[in-house]
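Data first, discussion second: the structure below is written as structure tokens.
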Amino acid sequence: MSKQARPLLQPEQIIQRTEGHLATDMDGDKVLLSLSSGKYYNMGKLGGIIWERTASPVTRRDIVAQLLKEYEVEPAACDQQVADFLQDLYAEGLLEPVSHAGAQGGGAGDTAG
């Protein structure tokens, strides 16, 4: 299985999880099954929190800002770890960039599901 090299996700790039996954909590960790690939992923507790935040369009910068409000962590380290995790999700096809031609208002308005 060779993964195509994907460009790096940018801090302001709007991203969202792709469809076709089942996720559940197991002993505090988020575990995910990709229905398209048949792969299982154990995302851990913090990875699960990040995964939940990608249910609707969001930027890496937004995720990091939320985590910094909830956890006592160095901002640069948080940003790097979130960037690496999101890039891994993207490489696995679990996450995709979202293009919103007119999205400028902060992104918290629509809740279409």
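We count residues from 1, following the sequence as given.
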- Message: Taking Phe85 as the starting point, is it possible to reach Ile14 by hopping between hydrophobic residues whose side chains are less than 4.5 Å apart?
- Response: no
- Rounded distance (nearest 0.5 Å) linking atom CG of Leu89 with atom CG of Leu9: 9.5 Å
- Item | Leu68 versus Pro75, closest heavy-atom pair with distance | CD2-CA, 3.8 Å
- Task: Could you tell me the separation between the CG atom of Asp62 and the CZ atom of Arg53, rounded to the nearest 0.5 Å?
- Result: 10.5 Å
- Test side-chain hydrogen bond (donor to acceptor under 3.5 Å, both in side chains), reference Arg61, set Gln10, Gln13, Glu12, Gln66, output is Glu12
- Salt bridge between Arg60 and Asp79, side-chain N to carboxylate O under 4.0 Å? yes
- Stepwise side-chain contact (heavy atoms from CB on, under 4.5 Å) check, Leu67 with Val73: CA-CA 8 Å; Leu67 292 173; Val73 62; 5.7 Å; no
- Side-chain touch Ile50/Ile63, heavy atoms, less than 4.5 angstrom: yes
- Under the side-chain hydrogen bond (donor to acceptor under 3.5 Å, both in side chains) test, residues paired with Glu72 that sit two or more places apart: none
- With no hydrogens and no angle check, is any side-chain donor or acceptor of Gln16 less than 3.5 Å from a backbone partner on Leu95? no
- Determine whether Thr54 and Leu86 make a side-chain contact, defined as any pair of heavy atoms from C-beta on separated by less than 4.5 Å. yes
- Can you see which heavy atom on Tyr90 is nearest to which on Pro97, and at what distance? CE1-CD, 3.5 Å
- Closest heavy-atom pair and its distance - Val64, Cys78: CG1-SG, 4.0 Å
- Message: Taking Tyr71 as the starting point, is it possible to reach Met43 by hopping between hydrophobic residues whose side chains are less than 4.5 Å apart?
- Response: yes
- For Met26, the other hydrophobic cluster members (4.5 Å side-chain criterion, sorted by chain and number) are Val31
- Message: Enumerate the salt bridge (Lys or Arg N to Asp or Glu O under 4.0 Å) contacts for residues 25-37, please, sequence neighbours excluded, ordered by first and then second residue.
- Response: Asp25-Lys30, Lys30-Glu52
- Message: Rounded to the nearest 0.5 Å, what separates atom CG in Leu46 from atom CH2 in Trp51?
- Response: 15.0 Å
- Query: Roughly how far apart are Ser36 OG and Glu19 CD, rounded to 0.5 Å?
  - Reply: 11.0 Å
- Contact summary for Ser34 and Tyr41, nearest pair of heavy atoms: CB-CE1, 4.1 Å
- State whether Arg17 and Glu92 are salt-bridged, where the test is any N-O pair (Lys NZ or Arg NE/NH1/NH2 against Asp/Glu carboxylate O) under 4.0 Å. no
- Item | Shared hydrophobic cluster, Tyr40 / Leu35 (ILVMFWY, side-chain heavy atoms < 4.5 Å) | yes
- Task: For residues Thr59 and Ile15, determine if any side-chain heavy atom of one lies less than 4.5 Å from a side-chain heavy atom of the other.
- Result: no
